[in-house]
Amino acid sequence: MSEKTFGQALNEALTIAMEIDKNVFIAGEGVGVSIHQDPNTATHGLLEKFGRRRVKDTPVSEAAIAGLALGASCMGLRPVVEIMFFPFITLASDMLVNHAGKLRYMSGGKSSFPLTVRVRAGLGFGAGSQHSQNLESWIAHSPGLKIVWPATPEDAKGLLLSAIFDPDPVIVVEDMMLNQMPGDVPTGDVRTPLGKARLVSPGTDCTLVAYGTALYTVMEALKPLGEQGISCEVIDLRSLVPLDKACILDSVRKTGRLVVVHEANRFCGFGAELAAMVADEAFDALKGPVKRVGAPQIPVPTAPPHENIFKPGPEEVVTAVREAMGK
Amino acid sequence: MTENQIIPDLRIRLYKSMVLTRKFEEKIMDLSQEPGRMPGMQILANGQEAVATGMVSALEPEDVIISNHRSHGHLLARGADLNSLMAEIMAKETGVNGGKAGTLHLSVPDLNVLMTSTVVGAGPPLALGAAFAQQYKKTTGITVVFFGDGAAAEGSVHEAMNLAGVWKLPLLFVCENNCWAGAQRPEEHCATPHIFQRAKGYDMPGRSVDGNDVEAVYNLGVELVEYCRSGKGPALMEALTYRMRGHGEQDRQHYVDPKELESWAAKCPILGYRQKLLDGGVLNQAQIQAIDQDAEARVAAAAAFGDESPYPGPETVLTDVFVQPPSA
């Protein structure tokens with residue numbers, strides 16, 4: 001165990017994967033030579049360590065980057081490609097949605113695509129909606145794709161390692177707002193399994209589910225909620241597909257209430273799926289309405305005060321929990 | 001390689017392959033007329049047999065093929081099993097992909113026909129990855145991707161050509177220019193009449209060939225495959241041919257001048273080659289007849305095999321999405 005930032009933890013995962021498997025290569029815009037010289041970036045120093053054969057800077061061509069991953073994975077390599085900002089995944093989406101997610105099924109199980117797409121996400125740096133937009137529900141809605149979203153340095157490393165060595169296409173969302181965050185990271189090839197949520201803190205009155213940066217918004221809300229005598233159970237989802245249904249359902253059966261928090265638009269967001277799942281499968285346990293905290297249905301604004309309104313804050317979490325409690 | 005280096009045995013193989021493809025697709029045409037026999041869109045390459053046969057015959061078994069809507073000729077020239085191919089086109093359980101591909105998504109990884117994409121223009125980026133893997137693993141294989149003149153308008157094709165040029169990948173782009181993109185003619189969708197000239201912009205050789213002349217396609221194929229295999233980088237072949245059928249068997253081609261169809265029918269790659277082989281004494285009439293009959297018998301047997309095969313059962317509808325499926 002050693003202390004590392006979230007970005008360093010990602011870097012360590014890539015390093016370990018490339019060391020233990022010569023079929024792992026990385027590609028993307030600036031994964032070798034970056035405009036940033038930040039040692040907290042996931043690909044920092046990998047070109048020097050592994051050379052140009054395995055660390056491939058590409059043209060600004062997202063469809064080609066995703067196609068590269070797809071074709072190479074089908075030939076037995078384990079590509080790890082980067083999409084610089086989440087909204088740019090739309091340029092690669094034909095390769096991911098129409099090909100990575102479908103070709104195994106349509107081959108009758110003859111082909112497989114063990115590829116990883118790292119995509120950098122996040123709000124709060126004033127870049128506006130073409131660089132900030134969380135599209136996880138688009139991906140989760142597309143069959144054949146897995147998607148994970150670490151919130152801690154330990155899981156950044158562990159989930160990325162699991163994704164790289166998973167036999168299926170996995171999208172790993174890296175929250176840029178967490179990049180500098182330090183935390184304890186286990187040494188060596190220690191993986192976080194896909195499809196396993198993490199119980200962050202136990203509670204009795206209401207279950208709070210979040211992933212990525214939204215987890216810390218939830219954590220901030222715990223204190224005021226505690227002061228109001230409300231005990232919340234917090235779950236860090238970590239993996240959207242596969243989904244740890246049991247963890248959520250068990251918790252809701254205990255607390256009787258659910259609030260889902262994410263930074264994506266609330267409308268048709270991933271929280272809607274969790275709300276529907278709980279309504280379907282744990283309706284009898286519910287003591288109050290399932291609430292969702294998310295962004296309004298507008299493009300991500302640029303002006304800091306607007307962006308602050310857009311991004312769900314701890315006060316909204318407190319309000320939602322109180323409503324779930326009937327207060 | 002020059003034309004006179006093509007030995008008689010190869011000539012007969014090229015001819016047989018084109019005949020088999022034609023008969024196979026004619027059977028699909030017939031079956032498509034009967035309701036319920038052929039699911040989905042049957043998009044055929046009648047008239048384009050010389051491109052598939054000539055190009056695929058110029059490859060080694062280790063070479064990878066990425067195909068498109070009009071894939072039957074590529075697969076048959078590669079030696080795909082007729083029965084499981086026809087059954088798959090009928091979406092039957094015994095099909096090469098268990099009935100999950102149909103005609104539009106056929107793949108035979110065992111024969112290195114790695115993927116078929118019918119998202120127009122998606123083949124080249126996929127092929128980029130396959131060719132990269134060959135370069136990365138230092139194999140001698142190359143990748144060939146077939147796409148049409150319509151696909152040449154897709155941005156993904158440009159992205160793939162550019163990156164293949166930058167990384168000098170062993171990737172041969174084969175544009176089957178069949179004069180139609182849906183119901184649109186080249187002058188409506190292509191700023192230049194010559195797609196092969198785009199090669200210059202990606203620092204690769206670009207060559208044009210009469211796509212109805214199987215030996216010309218084969219010879220240029222051999223030359224460009226050798227170029228790609230030597231490590232010099234990608235290349236582009238544009239084979240000029242003609243789409244005799246529409247975009248699917250429901251397409252009645254109301255937008256095509258019948259005189260144009262007649263003129264291209266007269267340039268049929270199979271009829272022309274047959275005459276050449278007869279004139280050259282490579283085959284006689286009796287042998288020509290025997291080749292026709294053999295192809296017809298094999299195709300009829302494949303259609304019967306497909307007919308007798310069941311559709312896949314409900315037990316496979318949810319399988320094969322993931323190698324490691326999420327536990328429900």
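FYI, side chains are in, hydrogens and waters are out, and symmetry mates aren't considered; it's all heavy atoms of this structure. Chain A is the first sequence line, chain B the second, and so forth, proteins listed ahead of strands; every chain is numbered from 1.
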So which atom in [X] and which in [Y] form the shortest heavy-atom distance, rounded to 0.1 Å?
X: B:A133; Y: A:M75; value: CB-CB, 3.4 Å
X: B:V96; Y: A:K110; value: O-NZ, 2.9 Å
X: A:A64; Y: B:L128; value: O-CD2, 3.6 Å
X: A:A63; Y: B:E159; value: N-OE1, 3.1 Å
X: A:Y105; Y: B:T316; value: OH-O, 4.5 Å

Any donor-acceptor N/O pair, B:N162 side chain to A:P59 backbone, under 3.5 Å: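 A pair under 3.5 Å: no.
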Would you say the side chain of [Y] lies within less than 4.5 Å of the side chain of [X], judging by non-hydrogen atoms?
X: B:F322; Y: A:D166; answer: no
X: B:V321; Y: A:K102; answer: no
X: B:K100; Y: A:R104; answer: no
X: A:M95; Y: B:P125; answer: yes

Please classify the contact between A:K22 and chain B as side chain, backbone, both or neither, with a heavy-atom cut-off of under 4.5 Å.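 For A:K22, the contact with chain B is made by the backbone alone.
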Under 4.5 Å from any heavy atom of chain B, what part of A:L145 do you find: side chain, backbone, both or neither? backbone
[atom1] of [X]: more than 12 outside heavy atoms within 6.0 angstrom?
X: A:Q130; atom1: CD; value: no
X: A:W138; atom1: CH2; value: no
X: B:E93; atom1: CD; value: yes
X: B:M41; atom1: CE; value: no
X: B:H189; atom1: NE2; value: yes
X: B:K200; atom1: NZ; value: no
X: A:K196; atom1: NZ; value: no

Ring pair (Phe, Tyr, Trp, His ring centres under 6.0 Å) with B:Y136: which residues, sequence neighbours excluded? A:F25, B:F132
Which residues pass the ring pair (Phe, Tyr, Trp, His ring centres under 6.0 Å) test with B:H105, sequence neighbours left out?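 Here no residue qualifies.
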Criterion side-chain contact (heavy atoms from CB on, under 4.5 Å) on A:F113 and B:V323, from CA distance to verdict: CA-CA 9 Å; A:F113 304 90; B:V323 180; over 6 Å; no
Between [atom1] of [X] and [atom2] of [Y], what distance do you get to the nearest 0.5 Å?
X: B:L114; Y: A:C74; atom1: CG; atom2: SG; answer: 3.5 Å
X: B:S156; Y: A:L91; atom1: OG; atom2: CG; answer: 11.5 Å
X: A:L103; Y: B:L126; atom1: CG; atom2: CG; answer: 6.5 Å
X: B:M115; Y: A:S107; atom1: CE; atom2: OG; answer: 10.0 Å

For the interface with chain A, which of B:A127, B:A122, B:A101 has the highest count of heavy-atom pairs at distances below 4.5 Å?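 Among the listed options, the one with the most contacts to chain A is B:A122.
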Taking every non-hydrogen pair under 4.5 Å, which of B:T143, B:T319, B:D320, B:L104 racks up the most with chain A?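 Ranked by contacts with chain A, first place is B:D320.
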Is there a side-chain contact (heavy atoms from CB on, under 4.5 Å) between A:R53 and B:K138? Walk through the geometry before answering. CA-CA 11 Å; A:R53 177 171 169 264; B:K138 301 186 169 80; 3.5 Å; yes
Output the option from [options] having the highest count of non-hydrogen pairs under 4.5 Å with chain B.
options: A:L68, A:D168, A:N23, A:D94; value: A:D168
options: A:G144, A:A69, A:G109, A:P242; value: A:G144
options: A:R54, A:H99, A:E62; value: A:H99

Go through the atoms of B:V317 and report whether side chain, backbone, both or neither lie under 4.5 Å from a heavy atom of chain A.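 Answer is both: backbone and side chain atoms of B:V317 are under 4.5 Å from chain A.
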